[in-house]
Amino acid sequence: MSAPLATPRLRVPRTARRGEAFEIRCLMTHPMETGLRPDAPPRDMLNRLLVRVEGEVALDAALRNGTAANPYHVFFLRLERSSEIEFIWSDEGGRSVRATARVTIA
Amino acid sequence: MPNSRLSRRAILALVALPWPALASGLQDAIRDAVGEGEFTESGITLTLPATAENGGQVPLTVQVESPQTGALHVTAIHIFATRNPTPGVASFRLTPLVARAEVQTRIRLAEHQQVIAIAVMSDGTRRRTVAEARVSTGGCLS
């Protein structure tokens with residue numbers, strides 16, 4: 001609980017075509033400990049993944065007990081212009097970690 | 001005719017059954033997420049492995065038929081596990097920036113069970129589907 005959140009791993013293309021779908025994969029190392037297991041450590045859960053494009057929300061995920069450890073997500077975005085994509089994972093204790101990727105429209 | 005009366009009764013019994021027969025905790029979780037109302041059973045696909053070796057990391061894909069335009073797009077995708085200790089898996093809020101109404105993730109399944117995916121569209125309609133996975137090693141309590 002006291003260790004800092006891990007560094008997220010992103011797979012985002014550097015370039016994309018205007019208005020065409022491209023794939024984003026992201027993996028966040030985290031135990032997602034529900035506290036329900038026998039002899040389990042205390043609850044320690046990420047409860048949100050927020051993805052913004054130039055500050056505008058694209059995807060907002062509420063993560064619950066059924067999300068696996070090391071949450072992994074794949075989704076598809078499209079852009080009209082070159083943009084910065086921002087990823088923020090937050091935990092139930094209010095801590096968060098942020099990562100960004102820049103996609104250039106060719 | 002006794003036959004037709006029997007079949008009418010059978011049909012009434014089928015109509016009265018909830019879809020599927022859901023536990024109350026699960027019904028509450030679904031109501032909390034999407035409220036009351038009708039669902040259509042088409043235009044949404046949930047893909048799970050038939051058998052998952054590790055119930056702690058079960059790959060899941062939800063795809064919704066949607067043009068993802070400002071006029072018509074998916075606003076939310078909710079995933080529920082019917083036989084986990086708690087039913088909630090994840091809820092995704094989508095905007096038209098999401099080019100395909102599709103999310104892939106990995107989930108926990110405690111045992112052999114059905115998983116429910118619900119999509120809410122920007123016009124207020126709701127879609128629902130169910131898929132089943134066997135689990136070799138439970139992923140919730142071990």
Side-chain angles (χ1 to χ4, degrees), chain A residues 11 13 16-28 30-40 43 45-81 83-86 89 103, chain B residues 25-26 29 32-33 47 52 54-64 66-69 73-110 113 115-117 133 138-142:
Chain A
R11 182 173 291 179
R17 290 191 184 173
R18 188 183 313 277
E20 287 192 13
F22 59 90
E23 184 185 67
I24 289 184
R25 297 170 180 240
C26 47
L27 177 70
M28 177 63 188
H30 193 281
M32 296 297 275
E33 183 59 64
T34 60
L36 295 174
R37 299 182 296 152
D39 307 317
R43 184 174 173 90
M45 290 282 290
L46 295 172
N47 60 359
R48 192 178 190 198
L49 165 62
L50 179 63
V51 181
R52 288 195 285 223
V53 175
E54 294 291 338
E56 190 181 343
V57 175
L59 180 79
D60 189 356
L63 311 179
R64 306 206 174 89
N65 285 2
T67 290
N70 304 326
Y72 173 71
H73 294 98
V74 181
F75 52 92
F76 298 84
L77 297 183
R78 66 177 159 223
L79 299 174
E80 293 303 321
R81 63 189 73 83
S83 302
E84 185 180 76
I85 306 174
E86 179 185 29
W89 284 260
V103 177
Chain B
L26 181 58
D32 287 350
T47 308
N54 176 6
Q57 292 280 347
V58 183
L60 169 148
T61 301
V62 182
Q63 292 164 300
V64 186
S66 162
Q68 290 302 96
T69 59
H73 56 273
V74 175
T75 58
I77 294 173
H78 303 275
I79 302 163
F80 302 96
T82 56
R83 290 177 65 85
N84 274 3
T86 58
V89 174
S91 294
F92 300 91
R93 305 276 167 197
L94 282 67
T95 70
L97 287 168
V98 176
R100 290 185 205 162
E102 171 177 344
V103 288
Q104 302 171 32
T105 185
R106 292 177 189 153
I107 71 169
R108 291 181 165 128
L109 293 177
Q113 64 181 287
V115 177
I116 296 170
C140 291
L141 300 176
S142 54

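Remember, predicted model here, so these are calculated numbers, not experimental data. Chain letters run A, B, ... following the sequence lines, proteins first, then strands; residues in each count from 1.
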Taking only residues two or more places apart in sequence, or in another chain, which ones meet B/R83 in a salt bridge (charged side-chain N to carboxylate O under 4.0 Å, His left out)?
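B/R83 satisfies salt bridge (charged side-chain N to carboxylate O under 4.0 Å, His left out) with B/E111 once adjacent residues are dropped.
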Do any N or O atoms from the side chain of B/Q57 and from the backbone of A/A68 form a donor-acceptor pair under 3.5 angstrom?
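Not confirmed, B/Q57 side chain does not pair with A/A68 backbone.
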Counting N and O atoms only, with roles assigned by atom type, does the side chain of A/T67 sit under 3.5 Å from a partner on the main chain of B/I107, one being a donor and the other an acceptor?
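No.
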Rounded to the nearest 0.5 Å, what separates atom CD in A/E23 from atom CD in B/E102?
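Separation between the atoms: 8.0 Å.
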Give, for atom CZ of A/F75 and atom CD of B/Q104, the distance between the pair rounded to the nearest 0.5 Å.
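Reported value, rounded in 0.5 Å steps: 11.0 Å.
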Among B/G88, B/A76, B/G56, which has the most heavy-atom pairs under 4.5 Å with chain A?
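Sorted descending by pairs with chain A, the first entry is B/G88.
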Chain A: which of B/N84, B/T86, B/V89, B/L60 shares the most heavy-atom pairs with it under 4.5 Å?
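Looking at each option in turn, the highest pair count goes to B/V89.
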Considering only heavy atoms and a distance below 4.5 Å, find which of A/E20, A/R25, A/H73 pairs most often with chain B.
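That would be A/H73.
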Which one wins on heavy-atom pair count under 4.5 Å against chain B: A/A58, A/A69, A/A61?
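Among A/A58, A/A69, A/A61, the one with the most close pairs to chain B is A/A58.
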Residue part contacting chain B, namely of A/E56, when any heavy atom lies under 4.5 Å:
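Both parts, heavy atoms under 4.5 Å.
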Nearest atoms (heavy-atom pairs only) where A/P38 meets B/L141:
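Shortest heavy-atom separation between A/P38 and B/L141 comes out as CD-O, 3.4 Å.
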Can you name the closest pair of heavy atoms from A/T34 and B/R108 and give their distance?
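Nearest pair, atom of A/T34 first, then B/R108: CG2-NH1, 3.5 Å.
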Taking non-hydrogen atoms and a cut-off under 4.5 angstrom, which of residues 90-98 of chain B neighbour chain A?
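Interface residues of residues 90-98 of chain B: B/A90, B/S91, B/F92, B/R93, B/L94, B/T95, B/P96, B/L97, B/V98.
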